[in-house]
Number of protein chains: 2
Amino acid sequence: MQSPLPQRLKSARKLAKLTQEQLSTKLGFDRSHGTARISQYETGKHAPDYAMAKNMADALGVPVAYLYCDDESLAKLLLAASKLSKQELDELVQKLS
Amino acid sequence: MQSPLPQRLKSARKLAKLTQEQLSTKLGFDRSHGTARISQYETGKHAPDYAMAKNMADALGVPVAYLYCDDESLAKLLLAASKLSKQELDELVQKLS
DNA sequence: AAAGTATATTAAGGAATCCTTAGAAAATGA
DNA sequence: TCATTTTCTAAGGATTCCTTAATATACTTT
């Protein structure tokens, strides 16, 4: 029952080609604690609250739900779907429902 | 920057036609505190950790990521996609990628 | 290979949040 | 209304997080 957030956060940050310090700066953190916190999130030592998760997801260009997705296929679906236009997305949803 | 979890949890529980006490029983909680905790989660007073969120999502038959989804269209997509077979889901992902 | 730099990780304690308890408030139905 | 079910809330002990300070790992250059 491990949280998928650590791994997903790390992979999303790598994909965005950011260091922990660059991400922490984007989030408006003081340099001194910023990287420590992000490291704690990525290693699973501590868990961010929702507001922080949302901020990080926005900074990394992934849907916040992606960080909590335990299913690999659904995770990929979220990433792909988030790149569709709102109209395309709604059409897809309609078709599946 | 409010968490979507309270609302999503409540609506998923309603959809499953369970009371807070029935859900708490399903989760193996002692009756005395079970409903208090679920109420605190649904009113946004407190936030569950990931393991608890996953347990609740499983008990309610929704993907755990759904509880954290702030986008309505993506939320609907997750619900619909979670009802597909693994093969259908993977084909859909392939098509979008 | 060593030194220097950048990047990432960790321990500890004060700060913040959660979980349990006990009870009260709403909602539902007879 | 009364009884019952269902949901909500305050308070404090228990737990977890955030900051600080320092160490560890990875990368570059010489």
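Just so it is clear, the model here is predicted, and its values are computed rather than measured. The chains referred to below are lettered A, B, ... by the order of the sequence lines, with proteins before strands, and numbering in each begins at 1.
Following rounding to the nearest Å, Glu42(A) (CD) and dT7(C) (P) show an atom-to-atom distance of 14 Å. Rounded to whole angstrom, the span from the CZ atom of Arg31(B) across to the P atom of dT6(D) amounts to 10 Å. Atom-to-atom, CD1 of Ile38(A) to C1' of dT9(C) comes out at 13 Å; the value is rounded to the nearest Å.
Closest contact between the side chain of Ala36(B) and the listed nucleotides dT7(D), dC19(C), dA22(C) involves dA22(C).
Using a 4.0 Å heavy-atom cutoff across all strands shown, Thr43(B) reaches sugar-phosphate atoms only and no base atom.
Salt bridge Glu72(B)/Arg8(B): present, at least one basic N to carboxylate O contact under 4.0 Å.
Applying side chain to side chain donor-acceptor pair (under 3.5 Å) to Asp90(A) and the options Gln94(A), Lys86(A), Gln87(A) leaves one that passes, Lys86(A). When the options Arg37(B), Lys10(B), Arg13(B) are evaluated for a side chain to side chain donor-acceptor pair (under 3.5 Å) with Glu42(B), the one that passes is Arg13(B).
Neither OP1 nor OP2 of dT7(C) sits under 4.0 Å from any side-chain N or O of Lys14(A). Remark: His33(B) is in phosphate contact with dT21(C), judged by side-chain N or O atoms under 4.0 Å from OP1 or OP2. Note on Lys45(B): every side-chain N or O is 4.0 Å or more away from OP1 and OP2 of dA11(D). For dC18(D), the OP1/OP2 oxygens have a side-chain nitrogen or oxygen of Tyr41(A) closer than 4.0 Å. OP1 and OP2 of dA8(C) both lie 4.0 Å or more from every side-chain N or O belonging to Ser39(A). In this structure, Lys10(A) does not reach the dA8(C) phosphate: none of its side-chain N or O atoms is under 4.0 Å from OP1 or OP2. The phosphate of dT16(D) (OP1 or OP2) has no side-chain N or O of Arg37(A) nearer than 4.0 angstrom.
Place Thr35(B) and His46(B) on DNA chain D by their nearest nucleotides, and Thr35(B) ends up nearer the 5' end. Checking Asp49(A) against Gln20(B), the closest nucleotide of DNA chain D that is more toward the 5' end is the one next to Gln20(B).
With Ser39(B) contributing its side chain and Thr35(B) its backbone, the two residues share no donor-acceptor pair below 3.5 Å.
Between the side chain of Gln40(A) and the base of dT19(D), a donor-acceptor pair under 3.5 Å is found.
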